[in-house]
Amino acid sequence: MSDYDDQDPFEGALSLSQRAMQAARPRPAPYLDGLNPEQRAAVETMDGPVLMLAGAGTGKTRALTARIAHLIDTGRARPNEILAVTFTNKAAREMKDRVGALLGGAIEGVPWLGTFHSVCVKLLRRHAELISRDLHGRPGDLIEAQHSQTLRPNFTILDTDDQIRLMKQLIIAANMDEKRWPARSLAGIIDGWKNRALTPERVPSSEASAFNNRGTELYAQYQDRLITLNAVDFGDLLLHMVTIFQTHPDVLEKYQRWFRYILVDEYQDTNIAQYLWLRLLAQGHRNICCVGDDDQSIYGWRGAEVGNILRFEKDFPGAKVIRLEQNYRSTEHILAAASRLISANEGRLGKTLWTEAKGGQKVRLIGHWDGEDEARWIGEEIEALRRGAHDIGPLRLDDQAILVRASHQMRAFEDRFLSIGLPYRVIGGPRFYERLEIRDAMAYFRLAVSPEDDLAFERVVNTPKRGLGEKAQQTIQRVAREAGVSLLLGARGAIQQGAIGGKGAARLREFVEGVARWHAAVLEGQDHVRLAETILEESGYTEMWLADKTPEAPGRLENLKELVKALEQFENLQGFLEHVALIMDNDSEEGEDKVSIMTLHAAKGLEFPAVFLPGWEDGLFPSQRAMDEGGKKSLEEERRLAYVGITRAEKLCTISFAGNRRVYGQWQSQMPSRFIDELPAADVEVLTAPGLYGGGQSAAAASFAAYTGGGVEERATHADVYNSPGWKRMQAHSTGTAPAAHRKVITLDPDEMPFGIGDRVFNQKFGYGEVIEIEADTVTVEFDKSGSKRVKAGFLSVAPSPTDDVPF
DNA sequence: TTCACCCAAGTTTTT
DNA sequence: CTTGGGTGAA
């Protein structure tokens with residue numbers, strides 16, 4: 001963030017003669033070494049519009065970073081005249097590192113290299129005052145005269161949580177039933193408008209019926225309210241900048257002149273607002289280089305427009321289109337399978353990926369009885385790969401990943417891996433800064449920095465519980481509104497007026513005084529790490545979690561400690577809050593060798609020697625929704641997701657599906673994914689888990705056989721799997737109940753139970769544990785390795801003795 | 001005001 | 001089967 005601070009675009013542009021001198025200086029260009037001809041063209045075609053169509057694994061980041069280095073090295077632009085935008089902080093960081101490595105430390109300044117949002121924050125802070133509230137009288141709205149009518153440079157960036165709460169207030173104020181018209185869905189609608197760069201007055205009349213005919217009205221109120229609070233949401237960062245560029249040609253021109261070269265990563269993921277922003281900036285010189293892959297566009301559901309990339313040549317006539325088609329990642333069969341699959345999509349720009357890595361393993365396809373068998377088999381397969389049981393040689397766990405369509409699929413794997421003690425890491429779960437306790441703590445910090453932050457006030461005024469319920473909070477709101485002051489001052493006023501009764505008043509006074517004290521400490525410049533600790537102590541927040549008996553409480557305290565530790569890297573609380581608003585990364589603990597589990601979306605841009613793609617069943621992948629709604633378009637997006645999944649694999653890609661799956665607690669029989677039919681038989685090897693057709697064998701025995709390598713038979717095509725009698729038999733177990741022949745659930749009478757409370761028991765899945773409670777045939781067991789679970793008695797056996805070793 | 005219970009609903013996610 | 005939110009009683 002601080003990277004740009006010393007780079008005012010309005011200062012010190014190089015004169016032309018200076019540029020010429022720089023250009024004349026010959027230098028070796030090591031960054032060009034080893035580039036293939038297409039990559040080289042992408043680097044050396046510096047002027048005019050360039051569209052780099054870079055297929056999966058074709059070295060686009062390499063080309064992109066070399067291009068930046070080349071622009072600087074040839075003197076075309078000073079580093080900070082280059083604008084390079086990415087979607088994620090991770091991509092930005094990687095590019096920064098690589099450009100830095102290419103150029104060495106010897107250059108002045110750095111490129112404007114960041115996410116769309118971080119660049120926009122920088123720009124918007126300079127021009128915040130140009131965003132003003134629309135005053136064309138809306139009776140009854142929430143305008144308060146004493147508040148400023150424009151955004152100010154020190155605006156705060158709201159997170160999703162704040163947005164929702166704000167919208168909820170507006171919905172209630174509009175006398176709408178917040179149950180029928182949930183704030184979440186309004187947030188979705190408004191977000192969609194912002195993604196399309198639509199301000200409230202520009203929302204087309206055809207959409208006037210949105211949100212019970214009041215969508216646009218609430219949108220306008222929401223935007224007003226944000227300016228009152230001197231706040232913006234994520235969508236505003238782009239929307240406001242587009243608005244400024246459109247309404248203030250002078251401002252736009254300055255930046256058009258300043259950013260001489262523009263580079264865009266993942267262009268297929270841009271939404272309309274981002275597209276307009278780019279087009280406005282590039283309009284003058286047209287030195288824009290967009291890199292993308294239409295086949296990897298998987299964010300349509302959140303506003304990304306594949307159309308942006310498809311019509312690049314129309315937007316920028318004479319654009320040079322460069323295709324990167326040599327794939328350096330995957331072996332032949334993997335690439336062939338992915339290419340064939342994606343060829344079912346229409347309206348592609350079209351690429352033909354090829355590789356020099358001939359041969360290698362075919363894509364493997366395997367059907368399982370149910371989701372648990374699938375998890376079990378994959379766990380064993382991962383351990384087999386680790387031992388080097390396959391041709392590709394031993395793999396570390398870090399080299400293997402499981403990519404799922406929906407996050408709820410992760411659970412089966414976590415459960416299984418926990419019980420067999422296989423280390424794993426979940427990527428992209430709830431992020432650190434989105435956790436409840438972290439947001440609460442941050443709200444306290446926000447109040448300390450700016451006591452007028454009403455949203456922060458609302459969040460923590462009664463956390464921990466201070467006996468301030470809805471009524472008390474309404475009183476505070478009323479007093480504050482009448483006096484036209486912040487909620488904190490309103491609270492103070494309410495206490496003085498005696499409007500808050502009982503013991504709540506004393507606790508509230510304590511809270512208000514606390515905030516005043518902490519704010520004073522911030523102003524004094526007191527050490528912010530110590531102050532943060534003090535705040536959490538004095539507010540009773542730490543104590544609240546210490547007193548909490550739920551199993552999560554220790555973890556939350558641990559997170560709070562981590563938060564305080566993270567503060568050390570910053571100069572003060574303000575700096576920290578600014579950073580966190582945009583960078584919601586969770587630094588995944590590196591180091592230990594672990595299998596990765598993540599969604600397909602989270603896997604974009606990553607690669608692994610071995611990849612497992614479970615759950616390829618109609619209704620799961622493609623998802624039910626994609627099949628029901630959205631028609632061909634959303635089905636094509638699912639197919640691209642499948643393409644992304646397969647192309648993550650370097651050496652081994654294993655696709656699997658299950659015949660039965662528990663969906664919301666109900667057993668359902670599943671059909672294999674339609675995408676499986678689209679894989680080329682010649683590049684696929686069908687594995688058949690023994691026992692799948694046997695009927696009588698238990699799953700454990702079956703997967704044991706698979707695990708030892710025995711009995712894996714090869715089939716001609718995957719269609720054989722689900723046209724076979726065995727598969728049909730699995731389908732015969734219809735929905736509702738557990739597939740009985742397989743599951744062997746034994747219902748036991750409570751008095752026939754072979755064990756009682758306190759006994760040691762064993763379960764195939766969770767290992768050893770102690771019986772806590774028995775309820776009919778459901779037993780609650782505290783397992784040694786995997787915590788407390790409720791298990792049907794039929795799945796348990798009496799454990800020989802508590803001292804026996806756990807066999808994993 | 002708060003805690004305990006009942007009920008409805010349930011992709012993908014970055015900033 | 002979970003989870004979150006809303007309702008009712010202490």
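Residue numbering restarts at 1 for every chain, and letters A, B, ... go by the order of the sequence lines.
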Value in whole Å for how far the C1' atom of B/dT14 lies from OH of A/Y433: 16 Å

Point-to-point distance, once rounded to the nearest 0.5 Å, from CD1 of A/I597 to CD1 of A/I402: 5.0 Å

Salt bridge (charged side-chain N to carboxylate O under 4.0 Å, His left out) partner of A/R459, the single match among A/D161, A/D162, A/D453: A/D161

Interatomic distance, A/D233 CG vs B/dT14 P [rounded to whole Å]: 17 Å

Touch class at under 4.0 angstrom, heavy-atom based, for A/E470 against every strand present: sugar-phosphate

Can you list, pair by pair, the side-chain donor-acceptor contacts under 3.5 Å of residues 234-243 of chain A, counting residues two or more places apart and other chains?
unit_1 : atom_1 : unit_2 : atom_2 : d
A/D236 : OD1    : A/K194 : NZ     : 2.8
A/D236 : OD1    : A/Q223 : NE2    : 3.1
A/D236 : OD2    : A/K194 : NZ     : 3.3
A/D236 : OD2    : A/D233 : N      : 3.2
A/T243 : OG1    : A/L239 : O      : 2.7

Nearest-angstrom distance from the residue atom CG of A/D415 to P of C/dC1: 14 Å

Gap between atoms CD1 and C1', on A/I172 and C/dG5 respectively (whole Å): 13 Å

With 3.5 Å as the limit, what N/O pairs link the protein to nucleotides 2-8 of chain B?
unit_1 : atom_1 : unit_2 : atom_2 : d
B/dT2  : OP1    : A/G467 : N      : 3.4

Separation of atom NZ in A/K168 from atom C1' in C/dG5, rounded to whole Å: 8 Å

side-chain N/O A/N89 vs B/dT14 OP1/OP2, d < 4.0 Å: no

A/F445 and A/F576 aromatic ring geometry - parallel, tilted or perpendicular at 30°/60° bounds: perpendicular

NZ or CZ of A/R125 within 45° of A/F155 ring axis and under 6.0 Å: yes

Whether A/Y219 and A/W193 hold their rings parallel, tilted or perpendicular, with breakpoints at 30° and 60°: parallel

Plane angle bin for A/W545 and A/Y541 - parallel if under 30°, tilted between 30 and 60°, otherwise perpendicular: perpendicular

Restricting to nitrogen or oxygen on both sides, can you table the protein-nucleotides 9-12 of chain B pairs closer than 3.5 Å?
unit_1 : atom_1 : unit_2 : atom_2 : d
B/dT12 : OP1    : A/S407 : N      : 3.0
B/dT12 : OP1    : A/S407 : OG     : 2.7
B/dT12 : O4'    : A/R405 : NH2    : 3.3
B/dT12 : O2     : A/W301 : NE1    : 3.3
B/dT12 : O2     : A/R405 : NH2    : 2.5

Integer-rounded Å distance: C/dG6 P and A/R180 CZ: 16 Å

Note: A/R661-A/E372 ion pair, threshold 4.0 Å (strictly below): no

